[in-house]
Amino acid sequence: MTRLDQSFAALADPTRRAIIARLAEGEASVQDLARPFAISQPAISRHLKVLEEAGLIETRIDGTSRPRRLKPQAVAALWDWLGQYRSLWEEAFRRLDAVLDDLPDAETPNPEPQTPKGPRHDP
Amino acid sequence: MTPDLSGMQVALEGDTDVIVRRSFSHPPAKVWRALTEPDLIRQWMATSGYPMTRCEIDPRAGGSFHYAWAGPEGQSFFFSGPVLKADPPHHMTHVEHFNGDTAMAATITTDLVAEGTGTRMTMVMRYADAAARQMAVETGMTDGMAEVYARLEALPLSG
């Protein structure tokens with residue numbers, strides 16, 4: 001498995017995404033992370049291991065406790081990337097708007113019955 | 001996950017569908033052309049960082065499409081698959097595979113409905129199951145794969 005596959009696999013699981021979301025608020029113990037989920041602590045530990053192997057989180061050693069935290073650079077890139085994904089469609093559609101604006105109307109067929117649905121968008 | 005960007009909506013429906021809705025201020029006939037004519041497709045599906053190296057579509061039932069891009073570091077990727085149904089300028093159903101991987105198929109239904117002098121577009125992307133959809137949405141496999149790859153590769157991954 002490549003690192004990339006590992007990241008995809010790590011993020012494909014809803015529990016692991018929830019763990020990432022929780023860690024985005026700050027570091028947390030394994031017990032804290034297990035609390036919101038109806039699964040055992042060993043099961044949470046397995047999820048944490050997957051996330052750690054994918055390079056998304058790390059363990060801080062603090063005396064006898066082992067809080068988990070997001071790897072700061074990883075989370076910055078990850079959040080940025082998710083935002084990027086959401087905006088990809090809209091960026092493409094804005095370019096499509098421009099293509100449409102440049103197209104001549106010549107081949108427009110007969111008017112069709114109007115079916116107003118939802119808000120009209122005029123760029 | 002329903003960001004609303006200038007009238008665009010992305011929504012999850014049921015276990016397997018991702019729905020993208022967007023209005024355009026031009027009629028369905030023009031939108032159809034922009035979605036099915038390679039010269040026009042290139043103008044909005046390619047970006048400066050990701051030029052299209054191949055852009056072919058035969059938008060008829062029994063036809064197919066193949067869109068390929070080259071990334072800034074030479075990584076290339078493509079989407080391809082069969083066209084199942086086409087009813088210009090209102091409807092098309094096609095199947096999309098990423099990099100030829102037929103195990104990761106999305107069936108995409110595109111409907112263009114006249115809305116005043118414009119068009120309301122609804123795209124339904126249907127995945128095999130909830131896990132496949134989750135994978136596609138959360139990791140960006142439905143679109144912008146190259147950017148996703150580039151960003152994931154930039155992550156300081158250990159191991």
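Per chain, numbering begins at 1; letters A, B, ... match sequence-line order.
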Is [Y] reachable from [X] through a run of I, L, V, M, F, W or Y residues, each pair having side-chain heavy atoms under 4.5 Å apart?
{"X": "B:Val95", "Y": "B:Phe65", "result": "no"}
{"X": "B:Met52", "Y": "B:Phe98", "result": "yes"}
{"X": "A:Ile57", "Y": "A:Phe37", "result": "yes"}

When rounded to the nearest 0.5 angstrom, what distance separates [atom1] in [X] from [atom2] in [Y]?
{"X": "A:Leu103", "Y": "B:His26", "atom1": "CG", "atom2": "NE2", "value": "8.0 Å"}
{"X": "B:Phe24", "Y": "A:Leu96", "atom1": "CZ", "atom2": "CG", "value": "4.5 Å"}
{"X": "B:Lys30", "Y": "A:Asp102", "atom1": "NZ", "atom2": "CG", "value": "9.0 Å"}

Q) Any idea which heavy atoms bring A:Arg94 and B:Arg22 closest together, and the distance? A)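 Distance-wise, the nearest heavy atoms are N-NH2, 3.9 Å.
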
Q | Where B:Trp44 and A:Arg95 come nearest, the two heavy atoms and their spacing | A |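 Of all heavy-atom pairs spanning B:Trp44 and A:Arg95, the closest is O-NE, 2.8 Å.
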
Q) Counting only heavy atoms not in B:Arg60, do more than 12 fall under 6.0 Å of its CZ? A)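 Open: at most 12 neighbouring heavy atoms sit under 6.0 Å from CZ of B:Arg60.
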
Q) Got more than 12 heavy atoms from elsewhere within 6.0 Å of CZ, B:Arg126? A)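 12 or below, so no.
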
